[in-house]
Amino acid sequence: MTISHMKFPVLLLFFVANICLAQKNTNEDFRFLERTEDIKINLKKGTFNIVKSIHEKAEYVTANKLYFANEVLHFDSFTKLQDIEATTYLPVSGKTLEVDYIETKHEFDDGIFYSDQQTKNFTFPGVTKGAITDLKYKEIISEPHFLGLFRFGTYAPTQKAILRIEFPKNVEIGYKEFHTENITIDFKKEETKNSNIYTWTTENVAKFMSEDDAEAALYHLPHIILHIKNYTEDNKTVPILNNVKDLYSWYASLAKQVDESDLKKVYKIAEDIAKKYTTDREKAEAIYNWVQENITYVAFEDGLGGFIPRGAASVCKNRYGDCKDMANLLYVMLNHVGIPSYRTWIGTRDRPYLYDEVPTPMVDNHMITATVIDKDTIFIDGTDSYVNFGMPSSFTQTKEALIGISPEKFVLKKVPVQPSEKSKTSINTTITFENGNIKASEKRTMTGYERVDFVTDYLYKKKDNTEEEFLNTTLALGNNKTKYQNIEVSPLESKHKTLTLTFDLLIESYAKTIGSKTILNLNIDRVLSKQKIDIEVRKYAKKIDHQFQKKYTTTFIVPKGYKVTSVPKPIKYDGKAYGFDINYEQKDGKVIQHKTIYINTLRVEKEDFEAWNSFVKKLIKAYKKSIIIEK
């Protein structure tokens with residue numbers, strides 16, 4: 001909540017009381033006493049000079065989090081860091097210690113082939129309980145499209161946070177607050193002879209704590225995004241980021257710089273692929289599969305090179321590229337064979353913004369291709385090597401896509417959520433009972449994102465583990481004595497619509513025999529049984545990566561000399577967003593369990609936690625039901 005000044009005595013009294021309570025709170029190990037960002041914008045003959053002066057003052061209340069003394073400051077081609085001053089004040093001795101060594105490093109994350117990201121690394125000296133660290137530095141911004149954001153809250157409690165921006169009167173600034181409804185912000189506007197000054201001040205902001213299966217921090221942290229809308233010089237108004245049109249115009253100007261030379265080999269590859277097929281959909285799918293299988297994804301972050309796609313000829317020759325390179329290659333190949341396709345900017349699900357809210361590069365962090373076939377817009381992502389044609393990458397579902405139709409024209413279109421029936425796992429299991437042990441043969445057939453998830457885990461998480469160790473961790477069937485044998489996995493390439501996994505199981509000490517009766521639970525796979533939400537503790541909605549269905553057919557062959565004396569009754573939870581149905585039938589000396597589980601949502605809101613827990617509890621209850629056979 002933002003208010004102009006502090007005009008209301010009751011609110012002021014409450015706010016002061018809050019400050020006093022927060023100051024007496026000694027439960028935290030580390031807190032920011034002050035976090036300030038002071039932005040000064042100057043403009044001369046169409047050239048911006050933007051300087052952020054940053055100040056952070058922190059207190060180590062206890063000795064439990066001294067690792068916060070290790071500081072990392074990030075910068076890149078668009079920013080420079082200057083005038084870094086860092087000290088530690090020790091109240092007991094009254095000494096002030098200065099940081100005397102700062103190391104500059106290049107940043108390379110997993111998957112980054114080249115990055116212009118660099119860091120300044122140092123450690124505050126002599127930090128111990130009661131120490132107060134003080135950091136000041138300047139950030140010089142060279143690109144006016146990147147004014148950035150300011151977080152009122154962060155990973156530690158903040159006693160006071162101040163954002164101040166001073167800009168010439170011929171410059172117009174836009175801003176948008178996010179998730180500030182639970183804090184009180186004092187917003188002030190001031191004027192000098194030549195400048196406008198905006199200031200946001202807040203106090204006693206609680207620390208942010210992440211949670212498992214939650215949306216990214218920006219969905220929860222109170223923060224503000226600033227952008228330069230336009231400026232006026234010589235009676236002419238020059239747009240920067242007034243609206244989405246301005247943002248797209250800038251993106252389109254960068255796209256014009258793409259190298260479009262020497263495309264003969266690219267065209268030849270596209271033609272050779274397309275001539276084997278009749279329909280546009282078949283052609284587009286084949287070209288998409290070729291890019292998935294032949295172009296390796298490696299990220300590039302190098303100034304405007306991180307925004308301008310590399311030429312299709314270069315990407316095709318080198319056989320690697322980042323998201324925008326692969327998007328551009330698909331754009332070139334598909335258009336060449338007569339399939340209308342467009343470069344498309346998009347934010348992943350980690351970005352909680354809409355283009356009309358904040359028309360800045362903060363909205364998107366990814367590029368894909370949109371193609372139109374039979375009036376159907378299909379979003380294709382060359383970086384997702386295993387998703388089938390016709391489905392967007394799962395992390396772009398629900399997101400707004402900025403589709404570049406021409407240098408002057410664009411459309412905004414939401415990426416649709418893929419229904420659960422497109423991501424289905426069918427599990428067929430045959431179980432026998434021999435010498436007190438359970439033997440099973442299982443076949444799993446996966447489609448959509450269920451298939452993509454398995455392939456990704458299999459290729460990148462399995463690592464040096466054996467296939468048995470991988471499945472024991474991933475599937476966790478039966479009990480801790482389960483042994484996996486005769487494991488077979490079908491080809492993984494995206495041109496295959498399904499993935500098939502088959503294996504045999506030996507599960508010791510699973511069935512329970514009492515006298516002549518044996519109790520046997522057919523639910524060897526208890527998916528979602530550990531997904532109950534702790535309502536008392538959890539603060540944020542539960543994120544689900546994709547909708548899905550799991551359909552089980554489990555056939556138990558009744559051993560000779562035995563008869564079935566008890567079979568569980570049908571049980572189900574028939575919810576719109578999630579549910580299950582389990583029933584049993586006896587047929588030809590067999591007990592057949594039919595089980596369907598579905599998730600038809602990407603998010604469980606806080607107000608739905610109790611309903612979700614009811615679903616999980618009922619599912620767990622169903623999992624505990626067993627059949628009984630008797631000699």
- State, without any angle test, whether Asp525 and Tyr552 hold a side-chain donor-acceptor pair at a distance under 3.5 Å. yes
- Message: A quick test of your reading: do over 12 heavy atoms of other residues, nucleotides or ligands sit less than 6.0 Å from NZ of Lys462?
- Response: yes
- Query: Under 3.5 Å, is there a donor-acceptor pair between the side chain of Asp534 and the main chain of Glu536?
  - Reply: yes
- Task: Can you see which heavy atom on Asn388 is nearest to which on Gly448, and at what distance?
- Result: OD1-N, 4.3 Å
- Item | Within-4.5 Å side-chain heavy-atom neighbours: Asn289 and Glu493 | no
- Query: Should Lys497 and Glu285 count as an ion pair when the cut-off is N to O under 4.0 Å?
  - Reply: yes
- Between Tyr584 and Val591, what is the shortest heavy-atom contact and its length? CD2-CG1, 4.2 Å
- Task: Taking the side chain as every heavy atom from C-beta outward, state whether Thr553 and His594 have any atom pair closer than 4.5 Å.
- Result: yes
- Query: What do you reckon, are the aromatic ring centroids of Phe556 and Phe433 less than 6.0 Å apart?
  - Reply: no
- Item | 4.5 Å side-chain heavy-atom contact, Gln531 and Lys542 | yes
- Task: Please assess Ile524 against Glu442 for the test side chain to side chain contact (heavy atoms under 4.5 Å, CB included), listing each intermediate value before the final yes or no.
- Result: CA-CA 11 Å; Ile524 61 174; Glu442 184 161 297; 4.0 Å; yes
- What pair of heavy atoms forms the shortest contact from Arg349 to Ile544, and how long is it? NH1-O, 3.1 Å
- Return yes if some donor-acceptor pair links the side-chain N/O of Gln292 with the main-chain N/O of Asp384 below 3.5 Å, else return no. yes
- Item | Between Tyr60 and Phe30, ring centroids under 6.0 Å | yes
- Ionic contact status for Glu211 with Arg538, cut-off 4.0 Å: yes
- Judged by modelled atom types alone, do Asn600 and Ser420 share a side-chain donor-acceptor pair under 3.5 Å? yes
- Side-chain touch Tyr155/Ser210, heavy atoms, less than 4.5 angstrom: no
- Task: Say whether Thr430 and Thr555, considering side chains only, have a donor N or O and an acceptor N or O under 3.5 Å apart.
- Result: no
- Message: Using a 3.5 Å distance criterion without hydrogens, assess whether the side chain of Lys587 forms a donor-acceptor pair with backbone atoms of Lys590.
- Response: no
- Item | Electrostatic pair Lys483-Glu468, nearest N-O below 4.0 angstrom | no
- Query: Is a side-chain donor or acceptor of His220 paired with a backbone partner of His179 at a separation under 3.5 angstrom?
  - Reply: no
- Heavy-atom check, side chain of Leu477 versus side chain of Phe503, under 4.5 Å: yes
- Heavy-atom closest pair (Ile582 atom, Ala622 atom, distance to 0.1 Å) is CD1-CB, 3.7 Å
- Hey, can you tell me if Phe178 and His223 have their rings parallel, tilted or perpendicular (30° and 60° cut-offs)? parallel
- Item | Arg351 versus Asp364, closest heavy-atom pair with distance | NH1-O, 3.7 Å
- Item | side chain to side chain contact (heavy atoms under 4.5 Å, CB included) evaluation trace for Thr158 with Arg151 | CA-CA 10 Å; Thr158 298; Arg151 296 172 178 85; over 6 Å; no
- Item | Ring geometry between Phe470 and Tyr458 (parallel below 30°, tilted from 30 to 60°, perpendicular above 60°) | perpendicular
- Ignoring hydrogens and angles, tell me if any N or O in the side chain of Thr565 forms a donor-acceptor pair with the backbone of Ile628 under 3.5 Å. yes
- Query: Is there side-chain contact between Leu492 and Leu499, with at least one heavy-atom pair below 4.5 Å?
  - Reply: yes
- Would a distance-only check, ignoring hydrogens and angles, find a side-chain to backbone donor-acceptor pair under 3.5 Å from Thr360 to Met362? yes
- Item | Close side-chain approach of Tyr386 to Leu459, heavy-atom, < 4.5 Å | yes
- Report the residue from His546, Gln549, Lys422 that forms a side chain to side chain donor-acceptor pair (under 3.5 Å) with Glu450. His546
- Query: So, Gln418 side chain and Pro416 main chain: donor-acceptor pair closer than 3.5 Å or not?
  - Reply: yes
- Is it true that the side chains of Asn365 and Thr348 contain a donor and an acceptor less than 3.5 Å apart? yes
- Pairs flagged by side-chain hydrogen bond (donor to acceptor under 3.5 Å, both in side chains) wherever residues 617-631 is involved - sequence neighbours left out: Ser516-Glu630
- Item | Flag, side chain of Glu434 to backbone of Lys439, donor-acceptor distance under 3.5 Å | no
- Item | Of Ile368, Asp381, Leu402, the residue whose pairing with Ile346 passes side-chain contact (heavy atoms from CB on, under 4.5 Å) | Ile368
- Query: Can you tell if the side chain of Ile629 reaches within under 4.5 Å of the side chain of Val564, non-hydrogen atoms only?
  - Reply: yes
- Of all heavy-atom pairs between Phe208 and Ala217, which one has the smallest distance, and what is that distance? CE2-CB, 3.6 Å
- Neighbour count above 12 (heavy atom, 6.0 Å) for Asp374 CG: no
- Message: Between Phe609 and Trp612, is the ring centroid distance below 6.0 Å?
- Response: no
- Query: Is the backbone N or O of Phe152 less than 3.5 Å from a side-chain atom of Arg35, with the two atoms forming a donor-acceptor pair by type?
  - Reply: yes
